[in-house]
Amino acid sequence: MKVINVIAELKEIVTSLKKQGKTIGFVPTMGYFHEGHLTLMRTAAEKTDYVVASIFVNPLQFGAGEDFEEYPRDLERDISLADSTGVKLVFTPGTAEMYPTGYATFVEVGQLTDKLCGGSRPGHFRGVATVVTKLFNIVNPDIAFFGQKDAQQALVLKKMAEDLNINVEIEIVPIVREPDGLAMSSRNKYLSSEERKSALVLSKALSLAQALIKSGARNTVELKREIINFISREPAARIDYVDILSFPGLKEIENINGQVIVALAVFIAGTRLIDNVILEV
Ligand code: PAF
């Protein structure tokens, strides 16, 4: 497995692979791999000839006061884990390689970005769309793989690729959970063992929503009230948002009908966690 941190070198490798008719799978990440990342890489290895994974903690998508500095990093461990999944190349650019002095171009996706994480993290999706556009231009992948845990991110990037005529297929891979239900996330590392128990309130709240919908509940205001009440009973939890929107349009709905996403962002002590479920009724 190759490890490359220079854009020009990666472009050369990709150009030669494309000439040989190889398909390229791409898994963009911010590193500190868990089973969710590794599942994306294994899926990519099954579906494409040559898998590139990138590791870059993108400063542009973190707001002031967020955890850019503290974001967990362990490059050596990540490289050996990627190697075990069938990834052929890991791209590990530095910040100056991605955003040299004088960098001035940004990508903004409208509509889908005003709700959920876009509402509570202003500028976040501008940072994500900008870095992913650059990565798509560098890697030129046939298929890029994203986790459903960041469902809004995947939708925003699909829209971006469509609107900007980027030739890439975007595949969304289901959420990988710990045996007790906690969605895997690099940020779970921030949780103490007590907070780790409290964090189960997210997946439990989604199970409650699923059960209520299964038993016939349809009104989104009432459902949200039930979910909020449930989460509020956990003392360590502070709700950022609880929402039920149409999927994939992310439109406000009064009653559930068709495909919807139930999405949550909850602070457990200082750690902001997200989770979601996509349902069809
Ligand atoms: O999902 C992530 O890890 C990041 O938002 C991404 C897509 C790698 C862009 O920095």
Side-chain angles (χ1 to χ4, degrees), residues 5 7 10 25-41 43-44 51-63 66-75 77-79 81-82 85 87 89-95 97-99 103 105-109 112-113 116-118 120-139 141 143-161 164 166 168-176 183-190 263 265 271-276:
N5 56 21
I7 293 170
L10 176 47
F26 180 39
V27 181
T29 81
M30 299 205 299
Y32 208 73
F33 294 156
H34 50 67
E35 203 46 44
H37 295 112
L38 304 182
T39 301
L40 294 175
M41 293 175 205
T43 309
V51 180
V52 176
S54 63
I55 300 174
F56 178 61
V57 184
N58 173 33
L60 223 55
Q61 68 188 74
F62 290 80
E66 291 189 353
D67 58 343
F68 173 67
E69 298 295 342
E70 301 83 50
Y71 197 83
R73 293 157 168 91
D74 191 341
L75 194 55
R77 177 177 164 272
D78 284 350
I79 287 169
L81 285 172
T85 65
V87 164
L89 187 152
V90 178
F91 179 48
T92 59
T95 306
E97 182 71 358
M98 291 298 279
Y99 303 120
Y103 185 85
T105 305
F106 302 90
V107 179
E108 221 158 304
V109 180
L112 290 170
T113 50
L116 308 178
C117 292
S120 49
R121 300 182 71 189
H124 170 67
F125 285 119
R126 179 180 190 255
V128 171
T130 300
V131 79
V132 174
T133 301
K134 286 175 66 70
L135 290 167
F136 281 173
N137 285 333
I138 294 164
V139 177
I143 316 180
F145 298 81
F146 294 90
Q148 190 203 306
K149 188 165 83 64
D150 297 298
Q152 185 180 19
Q153 166 173 279
L155 294 176
V156 166
L157 296 174
K158 261 191 183 181
K159 180 77 179 129
M160 178 191 88
L164 297 181
I166 302 175
V168 63
E169 192 186 312
I170 292 193
E171 186 159 325
I172 306 181
V173 178
I175 297 177
V176 179
M184 296 222 181
S185 164
S186 305
R187 289 188 169 100
N188 292 348
K189 179 186 159 49
Y190 298 144
T271 304
R272 183 177 177 279
L273 300 175
I274 59 172
D275 201 350
N276 70 76

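Atom set for the values below is all heavy atoms of this structure, side chains included, hydrogens, waters and symmetry mates excluded. One-based numbering, in listed order, for ligands and for the atoms of each.
- For the pair N276 (side chain) and Q148 (backbone), a donor-acceptor distance under 3.5 Å is present.
- If you check the side chains of N188 and Y32, you find no donor sitting under 3.5 Å from an acceptor.
- Near V131, with a cut-off below 4.0 Å to any heavy atom, the atoms of ligand 1 are 9 (C), 10 (O).
- The single protein non-hydrogen atom nearest to atom 10 (O) of ligand 1 is Q61 OE1, 2.6 Å, given as residue, atom name and distance.
- Under a 3.5 Å cut-off, the side chain of K134 and the backbone N or O of M98 do form a donor-acceptor pair.
- The ligand atoms of ligand 1 that sit less than 4.0 angstrom from a heavy atom of T29 are 8 (C).
- Protein heavy atom at the shortest distance from atom 1 (O) of ligand 1 is Q153 NE2, 2.8 Å.
- Once rounded to the nearest 0.5 Å, the distance linking CD of E66 with CZ of R121 reads 4.0 Å.
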